[in-house]
Amino acid sequence: MTDLKHFDEDHLVLHFYGELDAGAAAQTETHLASCGDCRASYARLQRVMAAVDTLPDSVLPEGFERVTWARLQPSLQRSSGWRSWFVRVPGSLALASAILILVAGAFFAGRLSRTPERADIVTAGQMRERVLLADLGEHLDRSQMMLVDLVSAEDGGVLDMSAERRRAGDLVTANRLYRQTADESGEVRVSELLDELERLLVDLAASPDTLSSEDMANVRARIDANGLLFKVRVLSTAVRELQKQMRPRAGQSS
Amino acid sequence: MPQTDAAAVALARGGDSEAFHSLVDRHSRAVYRLAYRMTGSPHDAEDVVQETFLRAYRQLGRFESRANFGTWLHRIAVNCSIDLIRSRPHRETAHDGTDLEQFGAAVERYDTAGASPERLMMSTEVHERIAAAMTGLSAMERAAFMLRHFEGRSINEISQSLGLKTNATKHSIFRAVRKMRIALEPFVAEPAARGSLIADH
């Protein structure tokens with residue numbers, strides 16, 4: 001680059017970040033000292049970068065640390081169960097994705113697209129599908145039971161939430177993994193439902209040991225507002241139907 | 001609660017979950033902010049926070065007690081963010097087609113009528129413009145720019161981290177800067193010199 005030519009923006013960006021070698025950097029400095037146009041361009045670039053530096057940090061809600069810990073703690077404690085099953089079984093993430101796609105089809109299209117297996121011998125893959133489906137079904141059943149308990153809890157005075165807190169904490173990790181899997185699989189609506197459920201579980205896990213009747217009313221309103229209980233119930237039913245279809249018939253080995 | 005990170009790490013290594021809890025309390029906000037800058041999504045940032053602390057917990061045995069826990073955690077968070085970005089190539093294509101002209105038009109929708117340089121430089125309008133520009137970056141542009149601009153990583157380091165060729169990394173950074181410049185043009189250019197930075201060249 002000679003003094004007769006102007007620098008383009010990309011070159012100035014490299015200079016700004018100190019990415020030019022010593023010789024090129026010195027040449028650039030010399031040119032900038034003698035070229036008004038390039039000096040103006042560089043000054044403008046510096047102002048852009050300075051403005052970017054003023055971008056404030058994202059604002060986080062009060063209690064962010066408490067919620068983070070509530071989500072994290074079960075994962076730290078858990079040495080077995082759904083997550084470790086995932087780790088043990090190669091290819092299980094892809095399998096989980098396939099399962100969730102099947103479940104999503106059953107859930108939202110109102111149909112069960114899977115053709116029952118006709119093979120005489122149940123493969124190891126089919127066994128894993130069943131185990132994973134059973135895990136998902138159990139998770140949804142437990143979530144559903146907790147939502148039912150919350151919606152039908154007796155109103156009046158202060159409510160002891162310690163048991164619900166523990167239940168919610170236990171459910172968060174598995175829910176998060178299913179939600180991430182749905183996300184990865186592109187199952188947006190299943191992911192959104194699990195996300196909605198997860199946020200409620202996280203808030204419950206991070207709630208105080210007791211809730212006032214007003215707080216409890218808010219929890220119920222949150223469950224009612226989006227039909228969360230209904231959606232979880234429908235998804236759970238879809239999973240159970242799939243389980244039935246995948247069950248080996250008489251004469252099949254398992 | 002342990003007074004220092006070093007004391008908390010020592011206790012957490014021995015299985016004291018409350019000690020690890022104190023580390024989460026001290027550092028989770030910083031990890032979130034980094035993850036949000038890197039991923040541009042609150043949802044992904046929350047996942048990065050979870051994954052970062054999980055990895056840190058599992059790797060506590062490898063942490064050297066003389067090192068700074070915050071710095072170590074920061075490195076893990078950057079890696080988690082990169083892993084997440086690399087695992088989602090489909091998001092890249094969604095942004096790569098963004099034409100710079102379309103991008104400029106989109107950013108222009110943020111009304112800046114009547115804005116004077118004096119009041120704009122540190123104003124919320126500037127921040128809104130930058131935030132809008134950030135959302136117009138592809139995942140790789142965003143990650144490369146954040147690593148270069150805020151994390152001070154060299155282009156070679158970024159290339160290795162993101163699994164890109166050096167030229168591709170440079171290209172991502174150049175495009176990101178160009179988008180920032182387009183977004184901020186009204187605020188940073190001299191009135192007489194508005195227009196393309198390199199139009200005269």
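Reminder, nothing fancy here: chain letters follow the sequence lines and each chain counts from 1. FYI, side chains are in, hydrogens and waters are out, and symmetry mates aren't considered; it's all heavy atoms of this structure.
Of the N and O atoms on the side chains of A:S162 and A:D160, at least one donor lies less than 3.5 Å from an acceptor on the other residue.
Below 30°, between 30° and 60°, or above 60°: for B:F63 and B:W72 the angle between ring planes is between 30° and 60°, a tilted geometry.
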> Given the rule in the salt bridge (Lys or Arg N to Asp or Glu O under 4.0 Å) test, do A:E198 and A:R176 qualify, once you have shown the distances and angles that lead to the verdict?
Replying inline: CA-CA 7 Å; A:E198 185 177 327; A:R176 177 170 157 249; 5.1 Å; no
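Ranked by non-hydrogen atom pairs under 4.5 Å with chain B, the options A:L14, A:D10, A:V13, A:L55 are led by A:D10. Heavy-atom pairs under 4.5 Å with chain B peak, among A:D195, A:T68, A:L60, at A:L60. No other option in B:E46, B:H171, B:H43, B:K170 has as many heavy-atom pairs under 4.5 Å with chain A as B:H43.
Annotation for B:R153 and B:S161: closest pair NH1-OG, 3.7 Å, computed over non-hydrogen atoms.
Cation-pi check for B:R37 over B:F150 is met; the charged atom lies under 6.0 angstrom from the ring centroid and within 45 degrees of its normal.
Proximity to chain A (any heavy atom under 4.5 Å) is shown, for B:R26, by neither the backbone nor the side chain. For B:H27, no part lies near chain A; criterion is any non-hydrogen pair under 4.5 Å.
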